[in-house]
Amino acid sequence: AVLANAGYAPEVLTDEACCGLTWITTGQLDTARRRLRAALDVLGPLAEAGIPVVGVEPSCTAVWHSDALDLVGDDPRTEAVARNVHTLAEMLQAARWTPPSLAGHVVVAQPHCHHASVLGFGPDAELLRAAGAELRVVGGCCGYAGNFGVEEGHYETSVAVAEHQLLPAIRNHPGAVILTDGFSCKTQVADLAGVSSMHLVELLARG
């Protein structure tokens, strides 16, 4: 609905185009390469046709801008797909879309680590500030870190990382909108803070 409001004609992919991150993070790189090459069969024709792909999960989106180039960079389609995969905020900025007013709302944003380090959270922050939100960006990791946070022996470390910035930010801003585009971050906030968070597109749609 948000993309349509910005003038696009969005469609949801029906063919599987897995980014392979599950296998990348556990070191199963041969399997990851197979998954990525299969995804190129789906995403490659879209890139060739100039049809942009919007990634809604930061870790998956970031794979195409980093890991995929390392793992299947020998396939010429990889670079084309990397140029063609965008974040929601990038697409909305390209459309010169005017966001709904978020004036009076405090937004505590926990950028997914891949979003912050690979994709860049700048367009998202600019969009939220343009909407009038009082933005508080958490500067560190949520501590969940994909499979790390659910592996035996990591719980105390996971909580300690969350206590570095994320959990204090939530406690210090009661009633704020908690923004988590990443599934890992969303899970961590729910498990440790006991509050619901939302994706950027959910917040904009409600506006």
Side-chain angles (χ1 to χ4, degrees), residues 1-95 97 110-124 127 141-142 144-151 179-188 197-202 204-205:
V2 171
L3 286 167
N5 186 262
Y8 295 109
E11 296 181 13
V12 178
L13 280 176
T14 55
D15 294 325
E16 185 174 329
C18 178
C19 70
L21 185 62
T22 303
W23 293 273
I24 294 171
T25 58
T26 51
Q28 301 177 72
L29 300 185
D30 288 338
T31 301
R33 288 186 184 93
R34 287 196 295 272
R35 302 295 292 191
L36 285 165
R37 293 192 193 281
L40 286 172
D41 292 337
V42 177
L43 301 180
L46 296 175
E48 185 177 348
I51 301 172
V53 173
V54 184
V56 292
E57 167 60 43
S59 57
C60 299
T61 309
V63 164
W64 293 104
H65 291 266
S66 59
D67 305 87
L69 295 168
D70 293 330
L71 293 170
V72 291
D74 58 328
D75 190 318
R77 297 176 299 174
T78 306
E79 286 195 14
V81 168
R83 291 192 299 269
N84 197 54
V85 173
H86 309 279
T87 66
L88 173 73
E90 288 171 338
M91 293 294 294
L92 295 177
Q93 277 195 336
W97 182 68
Q110 168 65 56
H112 188 284
C113 288
H114 292 170
H115 198 157
S117 63
V118 177
L119 303 171
F121 192 70
D124 302 70
L127 190 65
C141 177
C142 74
Y144 199 88
N147 53 295
F148 175 88
V150 295
E151 290 176 344
L179 197 67
T180 55
D181 283 7
F183 177 78
S184 294
C185 306
K186 187 179 186 70
T187 303
Q188 188 81 317
S197 59
M198 64 177 67
H199 192 285
L200 174 64
V201 76
E202 294 177 299
L204 295 175

(Q) Counting C-beta onward and ignoring hydrogens, is there a side-chain heavy-atom pair between H65 and V85 closer than 4.5 Å? (A) yes
Q: Indicate yes or no: at least one non-hydrogen side-chain atom of L36 is less than 4.5 angstrom from one of W64.
A: yes
Q: First locate atom CG of L29, then atom CZ of R34, and finally report the distance between them rounded to the nearest 0.5 Å.
A: 11.0 Å
Q. How long is the span from the SG atom in C141 to the CZ atom in F148, to the nearest 0.5 Å?
A. 9.0 Å
Q) Can you check whether L46 reaches V81 side chain to side chain, under 4.5 Å on heavy atoms? A) no
Q) How long is the span from the CG atom in L204 to the CE atom in M198, to the nearest 0.5 Å? A) 10.0 Å
**Q.** Separation between CG of D181 and CD of E57, rounded to the nearest 0.5 Å
**A.** 8.0 Å
Q: Verify, without hydrogens or angle tests, whether N84 (side chain) and G50 (backbone) share a donor-acceptor contact under 3.5 angstrom.
A: no
Q.
To the nearest 0.5 Å, what is the distance between CG on D15 and CG on D41?
A. 10.0 Å
Q. Do the side chain of Q110 and the main chain of T180 share a donor and acceptor less than 3.5 angstrom apart?
A. no
**Q.** Short side-chain to backbone donor-acceptor contact, T26 and T22, under 3.5 Å
**A.** yes
Q) Nearest 0.5 Å, what's the NE2-OG distance between H114 and S66? A) 7.0 Å
